[in-house]
Each structure stands twice: as structure tokens, then as C-alpha cells.
Amino acid sequence: MTYNFDQLIDRRNTRSYKWDQVGPLFGDASILPLWVADMDFYSPPAVQKVLQQRTDIGIYGYSIKNKQYFEAITNWFERRHHWTVQPSWIVDVPSVVTTLSLSVDLYTKPGDAVVLQSPVYYPFYDVIEGNDRKVARNPLRIENGRYEMDFENLEQLFKDGAKLMLLCNPHNPGGRVWERSELEKLAKLAIQYNVIVVSDEIHCDLTFEGHPHTPFASLSEEAANITITALAATKTFNIPGLHTSFAVISNSELREVFDKRVKVLSIHMANHFAQDAVQAAYNEGEQWLDELIVYVKANLDYALEYLAEHAPIIKLLESQGTYLLWLDCRAISEDPAVLKELMYKKAKVAFNEGSTYGVEGAGWLRVNLACPRSILEQALKQFVDAINN
């Protein structure tokens with residue numbers, strides 16, 4: 001490999017949320033953190049270089065977005081995902097969650113039902129409930145060792161009047177990469193019942209061999225017409241602290257409403273650093289990403305093999321993408337307090353406790369695999385020892 005993902009990088013005392021909050025949140029600064037979804041790897045060299053160049057300017061005034069920035073985005077999605085995106089469809093926003101929240105606010109009314117498929121990334125609940133809407137749950141089913149959509153229940157929710165759905169594609173925390181046929185079935189229902197689909201595709205670049213990502217809006221012109229796609233380079237290239245993302249909206253009426261609110265909130269201006277980092281990542285970070293995916297997949301294989309051998313009480317749901325591993329620990333306990341005690345007090349590790357992803361996540365834990373192998377090995381050993389002793 002060209003890049004050394006085994007390198008240990010000390011992130012303590014850098015204002016790292018992942019590392020410097022373990023003491024205040026979990027009671028012990030020595031706890032190994034494999035929770036917050038950022039990586040313990042250096043970002044691609046091209047990103048580091050351009051950020052240093054922007055720093056060296058020495059004046060951090062208002063900035064603009066240029067055509068090269070939009071070309072970097074459109075070329076990336078054409079090249080990696082065979083999806084043609086027009087620059088005019090792109091609206092910059094600070095985060096993917098911003099897109100989710102704005103969409104709920106703009107395209108539904110207070111009291112309306114908004115569909116999500118649980119368990120799912122916890123801000124999905126926040127943006128629905130915080131906007132005074134009702135969560136309409138379509139719980140995912142585990143079949144053949146992977147999550148499946150419940151299309152019968154989903155159609156009933158649409159029939160009952162839900163007009164917007166938050167889709168996690170690929171799925172967080174389950175690591176499921178939805179197949180084209182599944183998304184086509186969902187699109188058919190959404191089109192039939194005139195439901196807007198807000199597709200969170202922030203993990204789209206992080207899928208393993210044999211599990212290609214399908215952008216929901218790429219299915220057909222009809223599907224694109226009802227879709228707001230939430231995207232970012234931040235997960236892919238480990239730059240989430242730059243707070244940059246973009247929505248892709250081909251429907252001009254939906255986009256006009258969205259863009260107007262973004263400007264009213266004055267969150268549309270270019271960040272001095274972010275656009276250059278995104279452009280460098282998409283234009284020069286491809287080899288880094290390819291090697292990263294190989295490394296993360298090897299971490300996944302190691303974790304699955306180690307847990308199967310040393311902690312068979314844990315049931316394994318194998319990820320098809322993302323750098324997240326979703327562990328079924330219900331045989332240990334479905335009580336969040338018990339699992340927290342096991343992690344923080346006994347094992348001295350921090351994974352994400354599953355009930356924050358919805359009631360269906362109780363008894364599950366989410367593990368961040370985007371770390372050097374030695375850290376993963378140590379964390380799993382400590383966790384297994386705590387289970388077995």
C-alpha cells in the first residue's frame with residue numbers, strides 16, 4: 001500500500017470530539033474510543049496540502065465557489081457512481097443533517113408523519129421531532145443475516161398519508177448497501193403515493209467489492225423528480241470537521257424552495273477552506289480511498305473472525321459498506337445500562353450504544369472500524385475479556 005493506515009496518530013488534546021470527550025462523557029479518559037464516525041487516519045495528502053496553502057494566504061476573508069469546485073463533484077459522481085449530475089442541481093449546506101432538517105421543515109407541515117427505517121442514525125429522529133413532525137417507523141427486518149425493507153408496511157405508511165421519507169443509503173448503523181432492485185421497488189411506491197424521498201448518501205463512496213452504491217436519484221427521471229440527495233466528501237476523505245456538504249436536487253421547484261431557505265438562513269457562503277479540500281479530495285484522493293476501503297474491509301474481516309471465535313454469544317451482521325460494524329449483543333442484555341457498564345467500566349472501550357438508533361437498536365452496539373488494526377485488536381480483546389470474565 002502507498003498509504004500507511006497502521007500508523008498510530010495521537011489525537012488526544014486536539015479538541016477531538018472522539019478522543020477528548022471520552023473522559024467527560026464516559027468517566028475515564030483512558031477508554032479506547034471506537035464510536036464517533038470519523039477516522040483515525042490522516043486525510044489524503046492532496047487535502048492536507050491545499051489546506052496548508054489556504055492557511056498560508058494569511059487573510060481569511062469571504063470566499064467564493066468556482067466552477068472547478070462543481071466540476072470536481074460532478075466528475076466524481078460520473079466516474080465513481082455513473083450518475084450524471086448538473087452543476088445547477090447542487091446546493092451547498094453545512095452538513096447532511098442540515099439537508100435532512102431543512103427538507104422536513106420545507107416539504108411537510110407540523111404534525112405530518114415522516115417515514116424512517118429503524119434502527120437508523122439518531123439525527124433522523126431529531127430532525128423529525130425537532131420540527132414538530134411525527135416519526136412514522138418502518139422497522140427493518142433481519143433476513144439471511146442482513147437488513148431488508150418491509151415494503152408492505154412501508155406502503156401502508158404512505159397510504160396513511162406520509163408525504164416524505166428519510167432514506168439512509170447506504171444504511172447507518174447496519175452497513176447495508178441497498179441493491180438497485182430494492183431501491184426501484186421503493187421508488188415505485190414513492191412515485192405512486194407522491195412521497196418525497198430525502199436520501200442520505202454520505203457513505204456512498206465507502207462500499208465493499210460486490211456491493212456497488214446506487215444513487216436513488218439515478219434510478220429514473222421520475223425518481224429524481226421526487227428526490228433530495230444529501231451528500232458530502234466528509235466521511236469519504238475524513239474531513240467532517242470542515243462542516244461542508246451539498247444537496248443534489250434536479251427538480252427545479254423543490255430546489256428553488258430549498259435554495260431560498262438556505263440563503264435566508266445565510267448558510268450558503270463558501271467556507272475559506274472547505275471547497276478547496278473537497279475539490280482536492282475528489283480530484284486527487286481516489287487512490288487513497290481505494291486503499292482505505294481495502295484496509296477497512298480487512299479490519300471488518302478481522303473483527304468478524306475474532307468475535308466469532310472468542311465471543312460467539314455476539315451475533316454478527318456483516319457490513320456491506322461504511323466503516324461501521326453493527327453487533328447484536330442481545331444475548332448479553334437488551335438493557336442499555338448493562339451494555340454501558342460492560343463497555344465503559346469493565347472493557348474500557350467506547351462503542352455506540354444501540355438504543356440511540358431507535359427501540360430496535362436496544363441490545364446492539366456500533367463499532368467504528370476506521371482505525372489502525374492495533375487499536376481495533378486491543379479494543380476487541382478488552383471487550384471480549386470483559387464478556388468472558
Chemist: In this structure, are over 12 heavy atoms from other groups packed under 6.0 Å from Lys185 atom NZ?
Modeler: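 Open.
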Chemist: So, are Lys348 and Asp28 salt-bridged, with charged N and O less than 4.0 Å apart?
Modeler: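 Yes.
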Chemist: Check whether any side-chain N or O of Arg366 sits under 3.5 Å from a backbone N or O of Trp35 as a donor-acceptor pair, and report yes or no.
Modeler: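 Yes, the answer is positive, given that a donor and an acceptor are paired below the 3.5 Å cut-off.
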Chemist: Check side-chain contact (heavy atoms from CB on, under 4.5 Å) between Asp40 and all other residues, then give those that pass, not counting sequence neighbours.
Modeler: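 With sequence neighbours excluded, Asp40 shows a side-chain contact (heavy atoms from CB on, under 4.5 Å) to Arg11, Lys18, Trp19, Cys371, Pro372, given in chain and number order.
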Chemist: As an exercise, state the distance from CG of Asn352 to CG of Leu327, rounded to the nearest 0.5 Å.
Modeler: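 Answer for the CG-CG pair, Asn352 versus Leu327, is 11.0 Å.
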Chemist: Could you please spell out the steps behind the salt bridge (charged side-chain N to carboxylate O under 4.0 Å, His left out) verdict for Arg80 and Asp290?
Modeler: CA-CA 11 Å; Arg80 297 286 293 201; Asp290 289 340; 3.0 Å; yes
Chemist: So, Asn153 side chain and Pro139 main chain: donor-acceptor pair closer than 3.5 Å or not?
Modeler: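 The answer is no, because no donor-acceptor pair under 3.5 Å joins these two groups.
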Chemist: Decide side-chain contact (heavy atoms from CB on, under 4.5 Å) for His81 and Ser218; before the verdict, give the C-alpha distance in whole Å, the side-chain angles of both, and the deciding distance to 0.1 Å.
Modeler: CA-CA 9 Å; His81 302 294; Ser218 73; over 6 Å; no
Chemist: Using a cut-off of 6.0 Å, state whether more than 12 heavy atoms not belonging to Ile64 lie near its atom CD1.
Modeler: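 No.
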Chemist: Under 3.5 Å, side chain of Ser16 to main-chain N/O of Arg12, donor-acceptor pair present?
Modeler: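 Answer holds: no.
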Chemist: Do Val104 and Val198 come close enough that some side-chain heavy atom pair is under 4.5 Å?
Modeler: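 SC-SC contact between Val104 and Val198 ruled out.
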Chemist: For His272 and Arg54, indicate whether the former's side chain and the latter's backbone hold a donor-acceptor pair under 3.5 Å.
Modeler: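 Judged by distance alone, yes, a pair lies under 3.5 Å.
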Chemist: Taking the side chain from Glu353 and the backbone from Ser355, do they hold a donor-acceptor pair closer than 3.5 Å?
Modeler: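 Side chain of Glu353 to backbone of Ser355: a pair is present.
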Chemist: Please confirm whether the backbone N or O of Glu152 pairs with a side-chain atom of Gln156, one donor and one acceptor, at under 3.5 Å?
Modeler: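 Checked: no pair found.
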Chemist: Checking side-chain polar atoms at under 3.5 Å, does Gln378 have a donor or acceptor matched by the opposite partner on Gln382?
Modeler: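 Side-chain D/A pair, Gln378 to Gln382: present.
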Chemist: Any donor and acceptor pair, going by atom type alone, linking the side chain of Asn251 with main-chain N or O of Ile226 inside 3.5 Å?
Modeler: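 No: the side chain of Asn251 does not pair with the backbone of Ile226.
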Chemist: Kindly list each side-chain donor-acceptor pair under 3.5 angstrom involving residues 254-269, sequence neighbours excluded, with atom names and distances?
Modeler:
{"residue": "Arg255", "atom": "NE", "partner": "Ser88", "partner atom": "O", "Å": "3.1"}
{"residue": "Arg255", "atom": "NH1", "partner": "Ile249", "partner atom": "O", "Å": "2.7"}
{"residue": "Arg255", "atom": "NH1", "partner": "Ser250", "partner atom": "O", "Å": "3.3"}
{"residue": "Asp259", "atom": "OD2", "partner": "Lys263", "partner atom": "NZ", "Å": "3.1"}
{"residue": "Arg261", "atom": "NH1", "partner": "Asp105", "partner atom": "OD2", "Å": "2.6"}

Chemist: Apply side-chain contact (heavy atoms from CB on, under 4.5 Å) to Leu164 and Arg133, showing your working.
Modeler: CA-CA 11 Å; Leu164 189 137; Arg133 274 61 167 178; over 6 Å; no
Chemist: For the residue pair Thr98 and Ser95, confirm or rule out a side-chain donor-acceptor distance under 3.5 Å.
Modeler: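 Checked: Thr98/Ser95 side chains pair up, N/O donor to acceptor below 3.5 Å.
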Chemist: Got a donor-acceptor contact below 3.5 angstrom from the Ser319 side chain to the Leu324 backbone?
Modeler: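 It does hold such a pair.
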Chemist: Compute whether any side-chain donor of one residue and acceptor of the other, for Tyr295 and Asp6, lie under 3.5 angstrom apart.
Modeler: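 Yes, side-chain donor-acceptor contact under 3.5 Å.
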Chemist: We want to know whether Gln287 and Glu291 form a side-chain donor-acceptor pair, criterion being a heavy-atom distance below 3.5 angstrom.
Modeler: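 Result is yes, a qualifying pair exists.
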Chemist: Less than 3.5 Å apart, any donor N or O on the side chain of Glu221 or Asn225 sitting next to an acceptor on the other?
Modeler: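 There is no such pair (donor and acceptor under 3.5 Å, judged by atom type) between the side chains of Glu221 and Asn225.
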Chemist: Just one of Thr234, Val96, Ile202 clears the side-chain contact (heavy atoms from CB on, under 4.5 Å) bar with Pro240, so which one?
Modeler: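 So, applying the side-chain contact (heavy atoms from CB on, under 4.5 Å) to Pro240 and each of Thr234, Val96, Ile202, only Thr234 qualifies.
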Chemist: Other residues, nucleotides and ligands only: do more than 12 of their heavy atoms fall within 6.0 Å of NZ on Lys163?
Modeler: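 Yes - once you tally the heavy atoms of other residues, nucleotides and ligands closer than 6.0 Å, there are more than 12.
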Chemist: So for atom CD, which belongs to Gln86, do other residues, nucleotides or ligands contribute more than 12 heavy atoms lying within a distance under 6.0 Å?
Modeler: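 Check passes, neighbour count above 12.
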Chemist: With distance as the sole criterion, is a donor-acceptor pair present between the side chains of Glu222 and Ser220 under 3.5 Å?
Modeler: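 Side chains of Glu222 and Ser220: no pair found under 3.5 Å.
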Chemist: Can a donor-acceptor pair be found, under 3.5 Å and without considering hydrogens, that links the side chain of Asn238 to the backbone of Met39?
Modeler: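 It does hold such a pair.
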Chemist: Without hydrogens or angle criteria, can the side chains of Trp326 and Tyr147 be said to hold a donor-acceptor pair below 3.5 Å?
Modeler: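 Looking only at side-chain atoms, Tyr147 and Trp326 do form a donor-acceptor pair, the distance falling under 3.5 Å.
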Chemist: Supply the atom-to-atom distance Asn172 CG to Tyr121 OH, rounded to the nearest 0.5 angstrom.
Modeler: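 Interatomic distance, Asn172 CG to Tyr121 OH, rounded to 0.5 Å: 7.0 Å.
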Chemist: Side chains of Gln275 and Asp92: do they bring a donor and an acceptor to under 3.5 Å?
Modeler: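 Judged by distance alone, the side chains do pair up.
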Chemist: Could you walk me through whether Tyr193 and Leu154 pass the side-chain contact (heavy atoms from CB on, under 4.5 Å) test, one step at a time?
Modeler: CA-CA 11 Å; Tyr193 291 99; Leu154 185 62; over 6 Å; no
Chemist: If only side-chain N and O atoms count, and only distance matters, is there a donor-acceptor pair under 3.5 Å linking Thr229 with Glu201?
Modeler: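 No, no side-chain donor-acceptor pair sits under 3.5 Å.
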Chemist: Could you walk me through whether Glu286 and Arg79 pass the salt bridge (charged side-chain N to carboxylate O under 4.0 Å, His left out) test, one step at a time?
Modeler: CA-CA 10 Å; Glu286 200 152 5; Arg79 188 168 69 249; 2.8 Å; yes
Chemist: Kindly write out the residues that satisfy side-chain contact (heavy atoms from CB on, under 4.5 Å) with Lys315, not counting sequence neighbours, or none if the list is empty.
Modeler: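 Counting only residues at least two positions away or on another chain, Lys315 forms a side-chain contact (heavy atoms from CB on, under 4.5 Å) with Asp328.
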Chemist: How about CD on Glu148, more than 12 heavy atoms from neighbouring residues, nucleotides or ligands closer than 6.0 Å, or not?
Modeler: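 Count over threshold, so yes.
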Chemist: Let me see the working for Trp288 and Phe237 under side-chain contact (heavy atoms from CB on, under 4.5 Å), right down to the final yes or no.
Modeler: CA-CA 9 Å; Trp288 180 93; Phe237 297 104; 3.9 Å; yes
Chemist: Between Asp276 and Lys49, does at least one N-O distance fall below 4.0 Å, as a salt bridge requires?
Modeler: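 Looking at Lys49 together with Asp276, the answer is no, because their closest N to O distance does not fall below 4.0 Å.
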